[in-house]
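The structure appears right after this line, and notes come after that.
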Amino acid sequence: IEAAYKIQKSIEGWAKAGSHDADYFAGLIAFEEAKRFDEEFRIYAGHKDERYLEAGRKFLEASDREVRRAKEFLHPAAYAHRPESCMLMGEVLEYERLGTHDTNALVFYYCAAREYYIAGQRDPALRAYAGMMRTGHPQSPMIIEMHARLFPKQPPNLWRPISPASTSAAPAAAAGKVTH
């Protein structure tokens, strides 16, 4: 445990020195701790004893503190458009909101999807796109843009197939009507 603590502190030191890779890992560690504290909170919150409820409140406070730390570590790397940091920042913001609909997670998921797409990594881009769909309105310009990039193929129009011959004949027929 002591060795893990020293490693965590050295990663946090590198993050404060400006390493975006260390930012990501320090944010990931803090986010995992926040989720662990939330699990403990759920265990203690189910009891009626005041001491258990107080312990649950302390776990909730610790979880909130770790979420804040995760955001602090991830901000520099996410603003540098590091896709893994953007993705994790979106997950942290989505996890944090707990019922409110005000979140910037969509922006960070968009950053991750765009950067993964530019790098040619379709599967991570699709995971980020799924996060966008969970946190944003379907008609958001960011969602529309990423949908167009990730799914560029037009769906088949089965009710009225359009053939190249019918499209070239239509302007000629329309032109004949105009000349009368």
Side-chain angles (χ1 to χ4, degrees), residues 1-42 44-45 56-151:
I1 293 173
E2 191 174 312
Y5 179 76
K6 287 179 182 178
I7 292 170
Q8 179 181 354
K9 288 303 173 188
S10 65
I11 290 172
E12 290 175 4
W14 292 331
K16 290 177 183 173
S19 171
H20 292 313
D21 291 330
D23 283 335
Y24 169 75
F25 286 111
L28 179 63
I29 291 168
F31 183 49
E32 292 297 324
E33 283 295 306
K35 291 192 293 189
R36 187 178 66 80
F37 286 139
D38 272 349
E39 289 174 13
E40 292 292 328
F41 164 73
R42 287 188 188 99
Y44 285 97
R57 281 190 285 274
K58 291 202 184 287
F59 279 119
L60 192 60
E61 291 169 4
S63 174
D64 290 342
R65 182 184 66 241
E66 291 300 317
V67 165
R68 283 192 303 273
R69 288 184 65 231
K71 291 190 319 188
E72 288 172 10
F73 284 122
L74 290 170
H75 267 274
Y79 283 116
H81 300 283
R82 301 289 293 255
E84 59 279 343
S85 296
C86 289
M87 184 75 171
L88 186 58
M89 180 64 103
E91 291 172 3
V92 168
L93 291 173
E94 185 179 2
Y95 183 81
E96 178 191 39
R97 74 177 168 160
L98 293 175
T100 64
H101 294 288
D102 295 342
T103 182
N104 291 332
L106 173 65
V107 175
F108 289 102
Y109 281 133
Y110 169 73
C111 170
R114 186 188 69 229
E115 294 300 320
Y116 281 132
Y117 176 79
I118 290 171
Q121 298 174 338
R122 183 174 167 79
D123 289 341
L126 288 171
R127 280 197 313 272
Y129 175 74
M132 292 173 68
M133 293 298 289
R134 280 192 313 271
T135 58
H137 190 276
Q139 294 298 318
S140 168
M142 291 180 273
I143 291 177
I144 292 171
E145 176 191 345
M146 285 316 302
H147 184 86
R149 286 183 180 195
L150 293 170
F151 307 103

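At a cut-off of 3.5 Å, with distance as the only test, no side-chain donor of Tyr116 or Asp123 sits close to an acceptor on the other residue. Between the side chains of Arg134 and Tyr109, at least one donor N or O sits under 3.5 Å from an acceptor N or O.
Legend: ring-ring contact (aromatic ring centres under 6.0 Å, His included) pairs involving residues 1-25, not counting sequence neighbours: none detected.
Note on ring orientation: taking the six-membered ring where Trp is involved, the planes of Tyr44 and Phe59 are parallel (angle under 30°, cut-offs 30° and 60°).
Distance check, rounded to the nearest 0.5 Å: CD of Glu61 to CG of Asp64 gives 8.0 Å. Once rounded to the nearest 0.5 Å, the distance linking CD1 of Ile1 with CD of Gln8 reads 12.0 Å. Remark: Met132 CE to Phe108 CZ distance equals 13.0 Å, nearest 0.5 Å. Note that CG of Asn104 and CD of Glu96 are 10.0 Å apart. Values are rounded to the nearest 0.5 Å. Of the inter-residue distances, the one linking Arg149 atom CZ with Ile144 atom CD1 reads 13.5 Å to the nearest 0.5 angstrom. Considering CZ of Arg42 and OG of Ser63, their distance stands at 8.5 Å, rounded to 0.5 Å.
Here the side chain of Arg122 pairs a donor or acceptor atom with the backbone of Leu150 at under 3.5 angstrom. In terms of modelled atom types and a separation under 3.5 Å, the side chain of Ser140 and the main chain of His137 share no donor-acceptor contact. Without hydrogens or angle criteria, Ser85 side chain to Ala77 main chain gives no donor-acceptor distance under 3.5 Å.
Side-chain contact between Ile143 and Tyr129 is present, with heavy atoms from C-beta onward closer than 4.5 Å. Here the side chains of Glu66 and Lys35 are not in contact, with every heavy-atom distance at 4.5 Å or above.
The two residues Ile11 and Ala26 have their closest heavy-atom pair at CG2-N, 3.8 Å. In terms of heavy atoms, Gly27 sits closest to Ala70 at O-CB, 3.6 Å. Between Gly131 and Thr135, the closest heavy-atom pair is O-OG1, 2.9 Å. Listed here is the closest heavy atom pair of Ala112 and Ala128: CB-CB, 4.0 Å. Ala15 and Phe73 make their closest contact through CB-CD2, 3.9 Å (heavy atoms, listed as atom of the first residue, atom of the second, distance).
Contact check on Arg82 versus Glu84 returns a salt bridge, with a Lys/Arg side-chain nitrogen under 4.0 Å from an Asp/Glu carboxylate oxygen. Looking at Arg36 and Glu33, a side-chain N of the basic residue comes within less than 4.0 Å of a carboxylate O on the acidic one, giving a salt bridge. Between Lys6 and Glu2 there is a salt bridge, with a side-chain nitrogen of the basic residue lying less than 4.0 Å from a carboxylate oxygen of the acidic one.
Counting non-hydrogen atoms of other residues, nucleotides and ligands closer than 6.0 Å to NZ of Lys9 gives a total above 12.
Applying side chain to side chain contact (heavy atoms under 4.5 Å, CB included) to Leu88 and the options Leu28, Leu93, Asp23 leaves one that passes, Leu28.
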Could you go through Lys16 and Glu12, starting from their C-alpha distance and side-chain angles, then the distance that decides it, and tell me whether this counts as salt bridge (charged side-chain N to carboxylate O under 4.0 Å, His left out)? CA-CA 6 Å; Lys16 290 177 183 173; Glu12 290 175 4; 5.3 Å; no

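Residues passing the ring pair (Phe, Tyr, Trp, His ring centres under 6.0 Å) test with His75 are Tyr79, sequence neighbours excluded.
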